[in-house]
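Beneath this line is the structure, given in structure tokens, with notes to follow.
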Amino acid sequence: MNVRSFPLLFLFVMAVTTAPKLAAAPTEPGVYRKWDGEIDEVAVKRAFRADDFQDIQVEPLDIANVTVPERAGESRSATIAALPSLKPAFMDGMQKNLRQRAQGSAPAGRALLIRVHITKADPGTRSPKFGDVKGNAAKLAVRGEVIDRATNLTLIEFKQERWFGVISIGKSSAELLKEAARLIGEDVARLINAY
């Protein structure tokens with residue numbers, strides 16, 4: 001199995017926003033819709049602390065059961081061929097947004113495993129009908145799990161769909177899907193950062 005690994009980052013973020021956040025996203029066991037106002041669905045199976053894990057490993061993205069519609073100006077086979085290239089974009093979004101932590105605070109060898117199943121890869125259309133600005137957007141939907149690698153216990157399950165390129169000129173569907181994968185990586189980082 002080809003598993004990519006990188007150190008868990010713990011970035012201290014002090015953001016000034018126009019509207020302060022009233023409450024932190026829920027981290028207790030349960031099922032949450034629009035988690036943190038952004039992630040479609042999060043099912044917390046077990047409470048945990050991200051700081052108890054030394055690194056994160058990401059399995060190759062599972063594309064076995066992905067739905068890819070045929071779209072005007074984009075071939076279904078070209079979209080399917082581009083799916084394996086989405087993992088680097090996903091990892092880039094995730095790694096750049098994970099919080100940094102002090103070295104040596106987690107036991108050696110403990111790792112979180114991220115497993116992502118792509119459920120839909122809609123390339124959008126390069127020739128949308130008048131007034132159909134959403135038709136041009138590439139849409140990527142996933143379901144995934146955050147797993148304690150040592151015990152193989154699922155800690156979190158999540159579902160997320162991202163759109164990218166509602167109005168885009170000069171980008172291929174593969175490029176738009178990569179940007180959607182990068183956004184989902186950012187979402188997964190936000191989810192892990194909450195713990």
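The figures here come from the full heavy-atom set of this structure, side chains too, leaving out hydrogens, waters and symmetry mates.
For the atom pair CZ of F53 and CG of L113, the computed distance is 11.0 Å after rounding to the nearest 0.5 Å. Between the CD1 atom in I39 and the CD atom in E186 there is a gap of 11.0 Å [rounded to 0.5 Å]. In this structure, the separation between CG on L191 and OG1 on T27 is 10.0 Å, given to the nearest 0.5 Å.
Looking at heavy atoms from C-beta onward, T119 lies out of side-chain contact with T67 at the 4.5 angstrom threshold.
Minimum interatomic distance between D62 and H117 (heavy atoms only, all atoms of both residues): OD2-ND1, 2.8 Å. Listed here is the closest heavy atom pair of P69 and P123: O-CD, 3.8 Å. Pairing each heavy atom of E161 with each of D40, the nearest pair is N-OD2, 2.9 Å. Between T79 and A121 the shortest heavy-atom distance is CG2-O, 4.0 Å. Between W163 and L183 the shortest heavy-atom distance is O-CD1, 4.2 Å. In terms of heavy-atom proximity, D122 sits nearest to L177 at O-CD2, 3.9 Å.
Of the residues listed (D52, D55, D148), the one engaging R110 in a side-chain hydrogen bond (donor to acceptor under 3.5 Å, both in side chains) is D148, and it is the only one.
Under a hydrophobic clustering in which Ile, Leu, Val, Met, Phe, Trp and Tyr are joined whenever their side-chain heavy atoms come within less than 4.5 Å, directly or via other members, L86 and I80 fall into the same cluster.
We find that K159 and E157 are not joined by a salt bridge, their nearest charged nitrogen and carboxylate oxygen being 4.0 Å or further apart.
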